[in-house]
Amino acid sequence: MALRVYNTLTGKKEEFVPIHPPKVGLYACGVTVYDYCHIGHARAAVAFDVIARYLRSSGYDVTYVRNYTDIDDKIINRSNEEGIDWRELAEKFIEAHDADMGALGVQRADVEPRATEHVDDIIRLVKSLQDRGFAYEVDGDVYFEVARFKGYGKLSGRNPEEMRAGARIEVDERKRDPLDFALWKSSKEGEPWWDSPWGKGRPGWHIECSAMSAAILGQPLDIHGGGKDLIFPHHENEIAQSEAEAGREFSRYWLHNGFVNIDSEKMSKSLGNFFTIREVLERYRPEVIRFFLLSTHYRSPLDFSDQALDEARIRYERFMNLFARVHRTLAEDRQMNEVESRSLRALSEELEPAFRQAMDDDFNTAAALGHLFTALGTLNGVLDGVEAVAGKISGHWKKGVDGFFRQVGGSLGFFDDGIEGGPAYFAASRSGDDEAEGKAQVLAEEREDARKAKDWARADELRDRILELGFTVQDTPQGPVLAAKK
RNA sequence: GGCGCCAUGGCCAAGCGGUAAGGCAGGGGCCUGCAAAGCCCUCAUUCCCCGGUUCGAAUCCGGGUGGCGCCUCCA
């Protein structure tokens, strides 16, 4: 079964064929570091994290590059507002970005370049464009001349003539054409600058990705991606710069993730309707947020709401409940019986292939997760049978279940600890209150004694007190099991 | 104004020409001292509307209606 991906450039789903298999060069646009990341940034990061993970699990040798744009007007403005050095500001938000994304299980990219580390490459690229007649200088600023590049508009499906006719492009007298965009900007007094053939200045917005991707991955790239809002002008301009300079294709496939919406409207800084990752992390577990983000196909819009997060939590906890249950079920060293082996065959012969088929279809995590829920019913059913006769499960079965979830979870960024992850999830240490857990544990034992004495009033009272400590209690065949609420 | 995307049960959500996955919520049953967790059954003759193509359409085409996005910084 071949992997198929939706390519923005062609508007179609195509079979994925790397240029130099098994190597895959993947470049995703990262963030401009002038503020904390919101859930929209998280979605993009998680989407491309899953893409990189799944490509690897499919046998590709992926080099994943995700940049930080650490020099830009917004950074300069923000640093002036806060009265701190722009470098310090960028550093602060790079650290915050790494912490937030790390919490969500986003793996580090293989290379995470910063624009300021590649100013030499940027200057070389701008100079080359100028030498080739695609760029012109005006008082220390260098612009890309869109009219000289014939393919302009091919990614976003626009044509330059119509865009010029549109009234929304602001007129800058210094540009030969309203569509021309800055490759290099002269720096004003007090602004960051680098020496260049055009005097002191700094990179324009789009040029850093062209320069860094070529410097690190070479050209053409296999995949270039980012949020849908980057299609125009950012990625369109990258194509113009890179293809004009190199005279060949910039990237084979272009992948773009959809937005996170609030009440059906795009979450964005300008609308003010955004939630930062850290805000949401105060209310929901990182795994739950990740599960929410992967519950819809990456190209579709995704509505953010407490209701949606609550449902994601319930859904995610069904897996954790299963894991905790498997974990505490006693195992014995024997061959699997018919029921056990049939359930594992269902995993390996039906569910795992179905999972991969879904992921092969343009990384359809929503459909892939659907198949995992099917596994849930089968596996819980096996445990029901074991508990009904107060028996033990085969150790091979336990191992098989653990292996299955580690395997599929590896592509999604879940279930790293397999079955062990169940009890760990419900433990209080995750919410940082070991003391309360200790107390609750004592009460749970008292309650168990009361239950054995059939003192139901006492048992119920103890359960209420445990609840007040922030725990629910389940009476299982293996004894009482606590779970942190939250 | 230009370009584009979307519309599936109460809610979320797969589906990409072959006769509606999955989850949440709801109803019934089992299990339980009661719960919780879990299991079983149930829950869209129908996919915004109207035409068309086809043996066959949620899926393709045309026209509506509604929502959204990009065209300026934006994941």
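Owing to the predicted nature of the structure, the values given are computational and were not obtained by experimental measurement. Values reported hereafter were calculated over all heavy atoms of this structure, with side chains retained and with hydrogens, waters and symmetry mates removed. Residue numbering restarts at 1 for every chain, and letters A, B, ... go by the order of the sequence lines.
Map A/Ala459 and A/Asn321 each onto its nearest nucleotide of RNA chain B; the residue landing nearer the 5' end is A/Ala459. Each of A/Ser295 and A/Leu322 was assigned the nucleotide of RNA chain B with the nearest heavy atom; the assignment lying further toward the 5' end belongs to A/Ser295.
The cationic group of A/Arg158 lies under 6.0 Å from the six-membered ring centre of A/Phe232 and within 45° of the ring axis, placing it in a cation-pi geometry. Geometrically, A/Lys269 engages A/Phe274 in a cation-pi contact defined by less than 6.0 Å to the ring centre and at most 45° from the axis. Seen from the ring of A/Tyr316, A/Arg285 does not count as a face-on cation partner, given the 6.0 Å and 45° thresholds.
Summarising the base pairing, B/C55 is matched to B/G18 through a Watson-Crick or G-U wobble pair whose two defining distances lie under 3.5 Å. Across the strands present, B/G9 finds no partner; the criterion is a Watson-Crick or G-U wobble pair with both atom distances under 3.5 angstrom. The partner of B/A37, taking Watson-Crick or G-U wobble pairs whose two distances both stay under 3.5 Å, does not exist in any strand shown. Across all strands shown, the partner of B/G62 is B/C50, judged by Watson-Crick or G-U wobble contacts whose two distances both fall under 3.5 Å. Base pairing of B/G69: its partner is B/C3, meeting the Watson-Crick or G-U wobble criterion (both donor-acceptor distances under 3.5 Å).
Within 4.0 Å of A/Leu376, counting heavy atoms only, lie sugar-phosphate atoms of the nucleic acid but no base atom. A/Gln307 comes within contact range of the sugar-phosphate backbone alone, with a heavy-atom separation under 4.0 Å but no base atom that close. A/Arg325 comes within contact range of the sugar-phosphate backbone alone, with a heavy-atom separation under 4.0 Å but no base atom that close. Using a 4.0 Å heavy-atom criterion, one finds that A/Gly385 contacts no nucleic acid atom at all. A/Gly11 comes within 4.0 angstrom of nothing in the nucleic acid, heavy atoms only. Within 4.0 Å (heavy atoms only), A/Ile231 reaches no atom of the nucleic acid at all. Within the 4.0 angstrom heavy-atom criterion, only backbone atoms of the sugar-phosphate kind lie near A/Gly226; the bases stay farther away. No contact: A/Val481 has no heavy atom under 4.0 Å from any strand. When heavy atoms are screened at a 4.0 angstrom cut-off, A/Arg328 is found touching no nucleic acid atom at all.
Rounded to a whole Å, the CZ atom of A/Arg451 is 14 Å from the P atom of B/A36. Remark: C1' of B/U72 and CZ of A/Arg158 are 12 Å apart, rounded to the nearest angstrom. Between A/His297 atom NE2 and B/C12 atom P there is a gap of 19 Å when expressed in whole angstrom units. Look at NE2 on A/His41: it is 4 Å from P on B/A75, rounded to the nearest Å. Atom CE in A/Met359 sits roughly 14 Å away from atom P in B/A14 (whole-Å rounding). Here the P atom of nucleotide B/A36 and the CG atom of A/Asp384 are 15 Å apart, to the nearest Å. Summarising the geometry, the separation between CG on A/Leu372 and P on B/A13 is reported as 18 Å, rounded to the nearest angstrom. For the pair A/Phe426 CZ and B/A37 C1', the computed distance is 9 Å after rounding to whole Å.
Aromatic ring pairs are classed by plane angle as parallel below 30°, tilted from 30° to 60° and perpendicular above 60°; the pair A/Phe291 and A/Phe414 is tilted. Between A/His206 and A/His234, the two ring planes are tilted [angle within 30° to 60°]. Relative ring orientation between A/Trp254 and A/His256 is described as parallel, the plane-to-plane angle staying below 30° on a 0-90° scale split at 30° and 60°.
Judged by distance alone, with hydrogens and angles left aside, A/Lys13 brings a side-chain donor or acceptor within reach of the base of B/C16, the pair sitting under 3.5 Å. No N or O donor and acceptor, one from the side chain of A/Arg299 and one from the base of B/G4, sit under 3.5 Å apart. On a pure distance criterion of 3.5 Å, a polar donor-acceptor pair joins the side chain of A/Asp475 and the base of B/C34. With hydrogens and angles ignored, no donor-acceptor pair closer than 3.5 Å exists between the side chain of A/Asn159 and the base of B/G2.
With sequence neighbours left out, A/Thr69 forms a side chain to side chain donor-acceptor pair (under 3.5 Å) with A/Asn67, A/Glu208.
For the C1' atoms, the distance from B/C16 to B/A57 is 12 Å, rounded to whole Å. Between the P atoms of B/A75 and B/A37, the separation comes to 40 Å (whole Å). On the P atoms, B/G9 is 15 Å away from B/U59, given to the nearest whole Å. Using atom C1' as the reference point in both B/G67 and B/G29, the two lie 42 Å apart (nearest Å). Taking atom P on both B/A14 and B/C60, the two are 16 Å apart, rounded to the nearest angstrom. Atom name P, nucleotides B/C24 and B/C68: the rounded distance is 30 Å, in whole Å. Going from the C1' atom of B/G22 to that of B/A44 covers 15 Å, rounded to whole Å. With both ends at atom C1', the span from B/C55 to B/C48 equals 27 Å, rounded to whole Å.
Picking from B/C11, B/C68, B/G33 the nucleotide with the shortest atom distance to the side chain of A/Ser264 gives B/C68. Out of B/G15, B/C73, B/A36, the shortest distance to the side chain of A/Asp361 is found at B/G15. The side chain of A/Asp460 approaches B/G33 more closely than any other nucleotide in the set B/G33, B/A75, B/C70. Taking the side chain of A/Thr296 as heavy atoms from C-beta on, and the options B/G67, B/A75, B/A14, the nearest nucleotide is B/A14. Of the listed nucleotides (B/C68, B/A75, B/A14), B/A14 has the atom at the smallest distance from the side chain of A/Asn364.
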Letter per nucleotide, 5' to 3', of nucleotides 19-26 of chain B [B base touched, S only sugar-phosphate touched, - untouched; heavy atoms, 4.0 Å]: --BSBS--
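Between A/Glu265 and A/Asn273 the shortest heavy-atom distance is O-ND2, 3.8 Å.
Side-chain atoms of A/Asp417 and A/Tyr425 form no donor-acceptor pair, as typed in the model, at a separation below 3.5 Å.
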Would you please test A/Trp397 and A/Thr329 for side chain to side chain contact (heavy atoms under 4.5 Å, CB included) and show each step? CA-CA 11 Å; A/Trp397 186 84; A/Thr329 298; over 6 Å; no
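Annotation: A/Tyr36 is in aromatic contact with A/Phe93 [ring centroid separation under 6.0 Å].
Contact annotation: A/Lys266 side-chain N/O to B/C70 OP1/OP2 distance is under 4.0 Å. Considering only side-chain N and O atoms, A/Asn380 lies under 4.0 angstrom from the phosphate OP1 or OP2 of B/C39.
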